[in-house]
Amino acid sequence: MARDLEGKERPARGGDPCGDLRSLAQKYGIAYRESLEDDDVDPFFLEQLPISFVKTNHVLPLKKEDERLFVAFAGPVALFALDDISRLFSLPLTPVFVPAEEILGIANRFYERLSGSANEVMEELHTESLDEIASQWQGPRDLLDLNDEAPIIKLLNSVLGQAVKDRASDIHIEPFEKKIDVRFRIDGILYPVLSPPRVIQEALVSRVKIMAGLNIAEKRLPQDGRIRLLVAGKDIDVRVSIVPTSFGERVVMRLLDRKFGLVTLTGLGLEPERVAEVERVLGITNGIILVTGPTGSGKTTSLYAYINSINSKERNIITVEDPVEYQIQGIGQIQVAPKIDLTFATGLRSILRQDPDVIMVGEIRDMETAEMAVQASMTGHLVLSTLHTNDAPTAVTRLVDMGIEQFLVASSLVAVISQRLVRVLCESCKEPYTPVDEEKALFRKGPLPDTLYRPRGCEKCFKTGFYGQTGIFEFMAVDKGLRAIILKNPDATTLRAYLAEKGVKTLREDGLDKVREGVTSLEEVVRVTHFD
């Protein structure tokens, strides 16, 4: 149903809004445009219309020319809406046929800019209405549609919308004695965003709990939940974690864009020769491939990329994850549930009865899971999983420390890929400079660079000098020499010496190659590889 400016439903005057607009344009002598540019739209007219009216009726006011207002619309469904717009602005209209998806796309972009920031909403808050919280969460609605909600709801919506706009991966809401700190993690670094008064803390956390379907009355125990959001047309999955602290409940929300979650092997930051090496080991039919690194180093993203690259109708691929972050078409994904004893180990044991070709285990945390992964790899399955270690050689010693026999590690392990995330220099503002001798000394292998790049900061990158992240990698393929060392003395130092002799790049060396290419800064690589 279409709606008028007061939100009342009304039927359209017939016709199919998804019909052939070109033929309609020719039939009625109306102009047709395949696409719109931002310059075609005057924000003044959009400010007078709610986004729900624009999106429901597939109609968009453009610009005023020669005392006429040009209006884009997507077919007969918008005819009533054209009358409303003409009356609202007291202007004659010149209609233009434009595809509905183009209207929705440009409307989302403009209303995202017009929506107030969290700081602006903070200025509008009044203490007398801080307890106005909706009693029900109605499921995913586009946050841009919610303009007239209670102050707390409006504040949280603004925080979520601004986080998506700023490319934040996490939102931290941290209570202290006299204030609340709200911080965004952008490109791996936390930045303060706003500091609401302490008095709204309970109301704000309650609203988060309502949206995540959690128990509002429970304030003594940690709680976990999920929220499904639409923000400017983007489908966002939010993982919510709430823990009690001495000053109240602390909230961390992780934002996952469901549409852009999966990346290609090159999109991870792998060099072409590394892509070939990874593709080679992914083609092996049995064995274990481990991805290692600390929390927040992109291990799960890499696992999804590896799994997605070998996904085909000929393979039965099953995963056991905690949590399932992105849904992949054609792959069976199991969510860990410790409360009902569905752990990585029990899930892996059940997977083996499902005739899998490839198994992905979110993380090897204990001996039981490690033993099951080894057994699966030795019975004709390719197993992919993660470990928390600083570099690739340490993964071997970690498995042995867990209780896995050395001969089993040597015979089952195919490759270990260690990784870190580094921030990418903003292309709009990065500046070249000549490195000093101390900086050149870090480049022990390869040519010494004459020019390096450093961050400066601009509007595009929010004055940080960085925009986005990429990976740096250490790839350890287990060959005959490594197997002999693992059987004899699985010491990380011995393994590192062997890899250095073979010319395998360390994490820092791979990072320094990206510094030479101007992808990231020298300080950034040193920051994430300080242990190297």
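Excluded from the calculations below are hydrogen atoms, water molecules and symmetry mates; all remaining heavy atoms, backbone and side chain alike, are included.
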With the side chain counted from C-beta on, respond yes when [X] and [Y] share a heavy-atom pair under 4.5 Å apart, and no when they do not.
X	Y	value
Val281	Val414	yes
Leu229	Val238	yes
Pro244	Pro222	yes
Arg365	Asp322	yes
Val240	Arg226	no

Checking Lys514, Arg423, Lys430 against Glu524 for salt bridge (charged side-chain N to carboxylate O under 4.0 Å, His left out), the one that qualifies is Arg423
Is Asp237 salt-bridged to Arg254, cutoff N-O under 4.0 Å? no
So that I can tick it off, tell me whether Arg454 and Glu431 are bridged by a salt bridge, with the cut-off set at under 4.0 angstrom between side-chain N and carboxylate O. yes
Donor-acceptor under 3.5 Å ([X] side chain, [Y] main chain):
X	Y	result
Lys299	Leu387	no
Arg398	His388	yes
Asp510	Phe473	yes

For a quick check under 3.5 Å, do [X] and [Y] share a side-chain donor-acceptor pair by atom type?
X	Y	result
Glu321	Gln333	yes
Gln419	Thr292	no
Tyr453	Glu427	no
Ser418	Asp391	no

In short, side chain to side chain donor-acceptor pair (under 3.5 Å) pairs touching residues 341-351 with sequence neighbours left out are Thr343-Thr346, Arg349-Glu368
Exercise. Check the surroundings of atom NZ in Lys179: do more than 12 heavy atoms from other residues, nucleotides or ligands lie under 6.0 Å from it?
Key: no
> In this structure, are over 12 heavy atoms from other groups packed under 6.0 Å from Glu459 atom CD?
Replying inline: no
Rounded to the nearest 0.5 Å, the CD atom of Gln335 sits from the OG1 atom of Thr319 at a distance of 9.5 Å
| task | Could you give me the CA-CA distance, side-chain angles and deciding distance for Lys505 and Glu474, then say whether salt bridge (Lys or Arg N to Asp or Glu O under 4.0 Å) is met? | result | CA-CA 6 Å; Lys505 287 181 184 178; Glu474 178 183 24; over 6 Å; no
**Prompt:** Can you check salt bridge (Lys or Arg N to Asp or Glu O under 4.0 Å) on Asp513 and Arg516, steps first, answer last?
**Reply:** CA-CA 5 Å; Asp513 284 345; Arg516 287 189 184 95; 2.7 Å; yes
* To do: Give the ring-plane orientation class for Phe247 versus Phe176, where under 30° counts as parallel, over 60° as perpendicular and anything between as tilted.
  => tilted
Review point. Quick one: are the ring centres of Phe184 and Tyr191 less than 6.0 Å apart?
Key: no
